[in-house]
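These numbers come from a predicted model, not from an experiment. Lettering of chains follows the sequences in order, A, B, ..., and the numbering in each one begins at 1.
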Amino acid sequence: MSHEYVPEIATDREGNEYEVQGWQGDFYAGKLGFWLFMLTEVMMFGAMFLALAYYNTLHPQDFLDASASLNRVLGGTNTVILLISALTMGLGFLKMRTGDVKGAKLMIWATILLAIIFLVIKGFEWRAEYNHGIFLLHDQLLPESSLPFGQKLFFGLYFTMTGLHGVHIIIGIGLMLWLLQRINADKVTPEHHIFHLNIALYWDIVHLIWVFVFPYYYMIGAGGATGGH
Amino acid sequence: MSKTYFDETHCAIGHPKSTFMQWMLTVDHKRIGIMYAAVMFTFFFVAVFTALAMRIELFSPGGQIMDGDTFNQAFTLHGVIMIFLFIIPGIPAIFGNIVMPLMIGAKDVSFPRLNWATFWLYILGCIIALSSLFIGEGVADTGWTFYAPYSMNTDTNVIMALVAAFVLGFASILTGLNFLVTIHRLRAPGMTFFKMPLFVWGIYATAWIQLLATPVVGITLILAILEKYFGIGIFDPAKGGDPVLFQHLFWIYSHPAVYLMILPAFGIMSEIIPTFSRKEIFGYRTIALSSASIAGIGYLVWGHHLYTSGMSDTAKTVFSFLTFFVAIPTGVKFYDWIATMYQGKIVLSTPMIWALGTIITFAIGGITGITITMIGLDIHLQDTYYTVAHFHYAILGGVVFLMFAGMHYWFPLITGKLYNETQAKIAFYLQFVGFNLLWFPMFIAGYYGMPRRYFDYLPEFQIYHQISFFGAIIFITGLIYMFVVFYKGWTKGEASTPNPWNATTLEWHLPTSPPPLENHSKVPYVDFEPYEYKNGEPVVKFDYETMRRID
Amino acid sequence: MSNTLEGFNAGASTLSADVDFAFWLHIWLSLGLFLSVVGPMFYFAWKYRADKVKNEDIGTVTHHTGLEITWTVIPVIIMMVFFYYGNTTMQMFRTMPAESQSIVVNVEGSKWKWKYEYPANASGHVHKIGGVYDRDKKTMGLAALYVPVNTNIILKMTAPVDDVIHSYYVPAFRMKEDVVPGRTTQQWFNSSKVGQFDVECAEYCGTDHSYMYSKIVVMEKADYEKWFESTSGDTPKGDFAKDGKSLLRQHGCKSCHAIDTDKVLVGPSLKTRRLTKEQVLDVIENGQDKLGYAMGAMPADMAKGADAEEIATYVASGMKGTKPASFAACSSCHGEDGKGMNGMSPSLISYDKTLISNVFKHGKQGLIGTMPKYLDISDEEVAAIVKYLNKTND
Amino acid sequence: MDTKTINYQEERKVYYKVLVALLILTAITFIQPHLFMTGSTFLAQMLIAVVKAYLIVMYYMHLKGEKLIIPMVWFAMSLVTVFFIIVIGIDVANFQFGAESHITAAAEHSAGAVHTTPASTHH
Ligand code: HEA
Ligand code: HEA
Ligand code: CUA
Ligand SMILES: [Cu+2]
């Protein structure tokens, strides 16, 4: 397909000329489109938070109890890791725009590394919970267990939402690898960096989701709430 | 004659030689639109067939041609295909693709390759939906609403249907996204928002619904799948889950979805009425803004599907109150259309009689919607045939009828041919009469307490079902005849000029009919209102070579 | 006992008349709105048809603020009237009477049957009844919800947690509420009429959704009391006679004969011709083809046995008792049978003697019109009117 | 975004400043339950999250100054908010017949918790 942008001119009755926006190489359209896409992510996670708040309203105390039993140290570490990865991502993009392609690549690698660490920590956390008998289709979360409804729902949603967030992280890693490949192929350059911008935006929204997931799951029960189960 | 978009195309990958591959890989918005039409219309007939089977089954009490379980699968298949495969993507995917870029003077949509990928995502969704027919226990039997916990308990292939709906939802999101960006970025110079044709307004409002409501149902379906496989508990009462939450999440999308269907259809109406009244539309701004406010209010009224679900009474009151306010902008539109006809010169061509017929049928559909949003009445009428008749009047008598109006209206533009007017009108009258015969008796049956999704019924209701059956036969005869007329028109019809209706909007100012590959030979400058008529003639005229105004 | 839609009629419960009133009010107002759109449409399409309008005469109006405000404000007002009626009827349904003044029955809906559990009676016995609709015999048998007339009944409804959603729908009472696993929902009614009423499941629940029927049997208070205090598991037996009107519908007579009007459908209106019971029975059983109706003949064997008897009595009585002369004044507003004229005026069916004489004394200010006072009406006349109203109350 | 006019040092400074702010906010997240608003940890936590989100969206995602996109984001946000108000504030808050319902039954270990009145949430 060859669609180089041929600048077009529209002419009105008086002969005044107006530049026409073509769809080819429309940087702003790329950005706008990606923002709109991110709004759909907002709605998706919004709906899940809605479900969470729904049961929270029905079982406030159970939610506090369940929250208190999560591992805040690991959760907090992961928060900081994502924070830093957002920085590396941002700096990478900044470097790309200023022409430092090599630095940009380095930053992307750093981000990938941080993402992997995040996943590993998450894995440890899930494993510990599994050992406590808390896991989907397992022990405490089965219908016949005596864990209160509120806690069952809390953990059910906890695995769902952190799981889906994890899926986003994995997709993000894939996208970053693809980005590196495109940079190497000279398809993404300091002059033509919309792809890089959008992946940076994607990574930020992944981070953004965690900014809400973290306090809702790990912190609400951190106060004087009586211990877990 | 110069080349049209049938002769050449751009492709997503490479430059294939064979015509077939050129169609498969095309990124041209007009070709993609036509492919959507072809596919949708095929599925459409599958759904019509299941509908007919249901009507035969309901001809008299007791089993006729199928058993209860098959009937349950039949209405699910009918509902799922009609809603997810046909009517939700319908008008945006077909006419939004074909004419919207033409109307704003663009060469294509903002992301043509995404458009192509979206089409194939849609096909993928269709394949998944249909393959559920043959895999495992057969197609889902949950109804198109997939209510938990039934959808969690049944043995049929619900997962496939859910995945299909999710994929189709994604296709819908991407279409909306593409159109939003297109409308924001690619309008011809000079065309402000209030100089856009009203169909574009309809598509714009719709695109916002596609973008912001669809993800909610997407995630709901994902949650349902996770519930079924991993027992996360949120819809399972045994683990404390609340089935009513599912209904909330489902209708948060599915109510806006009904406006997603009707808004572009209203857009078609707003194109046809001024064109065949040879007169500028009455209240352009109110019509444009009412589309936006219907979309906006439409987000806040989903609860009127939950009046008897056990939702709190306060919420019922709030939802009922809000729902009435959708009727106001809709009513304003209707009055504006009628006022457009005042002192016009009304040409009763086929698109126009379809549009006027729809004013009657949709008004009935809308007004009976008002009946069931009065809570006390809905307590009686919810899940009866009154509701079923309401939404068939709204969907079939509103959206599908207007889609047909659009098909007649843009037929010369798309194919470059004319159909036979007399025959097309006969097809209209058959369908109009058949339709009313088919659905009006159902209001009465519903009022007397005929519940929906009933495979067998009490003998009192027989008479209504029988009238309905004959209506269905007449309707489907007219439907098939209409397609025959189209087919004959396309293959043997007279060639059409670029502007056979004397219309004003930009899609009729093309050098050839059908349009060439990259649309207008040059992008026009738009310093005029969309529907300017003077003494029955379009005011704005272009030199089709340079696209400069010559009036 | 076949299962059929017994008496879809106002007056069966205290709330249904209000629902019908709201419905018809809505229909009439909406008809006005509908005509305000469709009327001008036809008129303009005819008046300004292409061959009658010269190009120069085409109008150019594109705005008219006054008009636009009118067609926004008037519908808003009408919508608020609808909201008011919709909401108040809902409030009546949803405002549960005090449990101390009602009978509370637990209802369980499961695939695909309804079960009822009563509170313990004086001797500590708990009635548990209900069961499956017999598809072959087309009967509910005796498994029904038995309740006394003129009493508040609260239904506390639920479904087992591993079941699905159902919905308890009683068309004759205009009421319905979903039965949700894991939740308890409630609804209530108070029937003013002895008889049987169908219960349908109105939320799709799988294979036998369309056979998930039940029945509500409304009995005299004394009969109910007697059964309730008994300790046997038996359900009450008795004659809950079906009325002629529903039988007419059930046997398909109404598809050929008008009953309330003089219209000729396929056959003659049953209202105009007065035949004796025997004559009607004869026609029903043997058919008839002597009056020369073009559309066909009256088929034989339309109904048999007790049903045929009942129909014959009903038809022979002209579908109602004799109308007291004094009712003529009422019928101009409330209709021939006092059921109200489609929302123009309320149905009088559920009114008893005290209520009616009270209204005669004071008159009444309604939403649409005014009920005048009738001071010189005698007690006997009132009694006759009430009797007549109750006769038509079927 | 015009490539020519960017000032690398300036922009990098912004990134670091925001990072520091976010780290501080994260730290506050941890000490908040012991320090302030202990009566409504939930509310405090969400407020902090909103501030963090604001920083990320405005600076990391460069939303600042986007005339067209900001209203779109607002629109989506307010929709989500409205869904919350309606579903949580109006429906669940008035949950009907909770006392009799199975799904709101109090399990033994969490006895004492008030299950049907949301007013007592989060402390
Ligand atoms: C295209 C689709 C479409 C459209 C446009 C509508 C439009 C409306 N619908 Fe409908 N509806 C459906 C499709 C649609 N609906 C479907 C598919 C279902 C069932 C789903 C299922 O359960 O399977 C449903 C169900 C449904 C219910 C739930 C019924 C139940 O299950 O109990 C309700 C209740 O309030 C409702 C109300 C309305 C209202 C108030 C409108 C309003 O928008 C109507 C506004 C229009 C008018 C009012 C007419 C035009 C105006 C005039 C003529 C002017 C003058 C009139 C007035 C001012 C009143 N609809
Ligand atoms: C788009 C929506 C749509 C359309 C057009 C129809 C059309 C028809 N429907 Fe459908 N129906 C639904 C959506 C629709 N239905 C839904 C959502 C349900 C609820 C399901 C559930 O309970 O879960 C339902 C339920 C439903 C029932 C109730 C089942 C029950 O509750 O027991 C019945 C019963 O007869 C029925 C019959 C029919 C009939 C006879 C038609 C006929 O009018 C069919 C004839 C078809 C047409 C006239 C369409 C013509 C259009 C084209 C040919 C398109 C051309 C295409 C292109 C150009 C691309 N439908
Ligand atoms: Cu039970 Cu339908
Ligand atoms: Cu709706």
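The contact between B:T317 and chain C is made by backbone and side chain atoms together, counting heavy-atom distances below 4.5 Å. B:F75 touches chain C through its side chain: at least one heavy atom from C-beta onward sits under 4.5 Å away, while N, CA, C and O do not. There is no contact between B:R285 and chain C, counting heavy-atom distances below 4.5 Å. Residue contact with chain C, scored on non-hydrogen atoms closer than 4.5 Å, involves the backbone and the side chain of B:Q382 alike. When heavy atoms are compared at a cutoff of 4.5 Å, B:Y147 approaches chain C solely by way of its side chain, counted from C-beta outward. Interface remark: B:I463 contributes side-chain atoms only to the contact with chain C (heavy atom separation under 4.5 Å). At a 4.5 Å heavy-atom cutoff, the contact between C:V180 and chain B is made by side-chain atoms alone. With a 4.5 angstrom heavy-atom cutoff, B:I281 touches chain C only via backbone atoms. With a threshold of 4.5 angstrom between heavy atoms, C:M92 does not approach chain B through any atom at all. Only the side chain of B:Q247 comes within contact range of chain C, with heavy atoms under 4.5 Å apart. Of the atoms belonging to B:T384, it is side-chain heavy atoms, and not backbone ones, that fall under 4.5 Å from chain C. With a 4.5 Å cut-off on non-hydrogen atoms, C:T88 does not touch chain B at all. With a 4.5 Å cut-off on non-hydrogen atoms, B:I328 touches chain C through its side chain but not through its backbone. In this structure, no portion of C:Q186 lies under 4.5 Å from any heavy atom of chain B.
Atoms CG and NE2, from B:D69 and C:H209 in turn, are 13.0 Å apart once rounded to the nearest 0.5 Å.
Under the 3.5 Å distance criterion, with hydrogens and angles disregarded, no donor-acceptor pair is assigned to the side chains of B:Y150 and C:D163. Under the 3.5 Å distance criterion, with hydrogens and angles disregarded, no donor-acceptor pair is assigned to the side chains of B:D383 and C:Y169.
Annotation: side chain of B:F334 is not in contact with side chain of C:W71 (no heavy-atom distance under 4.5 Å). With a 4.5 Å cut-off on side-chain heavy atoms, B:T371 and C:F82 do not count as touching. B:M152 has its side chain out of reach of C:V164: every pair of non-hydrogen atoms, C-beta onward, lies at least 4.5 Å apart.
The nearest pair of heavy atoms linking B:G376 to C:F93 is O-CE1, 4.1 Å. Between B:P451 and C:C201 the shortest heavy-atom distance is CB-O, 4.3 Å. Taking all atoms of both residues into account, the shortest heavy-atom contact from C:A45 to B:L356 is CB-CD1, 4.3 Å. Heavy atoms only, all atoms of each residue included: C:H64 and B:F282 are closest at N-CZ, 3.6 Å.
Applying side-chain hydrogen bond (donor to acceptor under 3.5 Å, both in side chains) to C:N55 and the options B:K345, B:R278, B:E537 leaves one that passes, B:K345.
Counting heavy-atom pairs under 4.5 Å between each of B:D313, B:V347, B:T323, B:V332 and chain C puts B:D313 at the top. Considering only heavy-atom pairs separated by less than 4.5 Å from chain C, the leading option among B:T142, B:D242, B:L381 is B:D242.
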Using side chain to side chain donor-acceptor pair (under 3.5 Å), reason through C:S36 and B:Y335 one step at a time and then give a plain yes or no.
CA-CA 9 Å; C:S36 73; B:Y335 289 115; 2.6 Å; yes

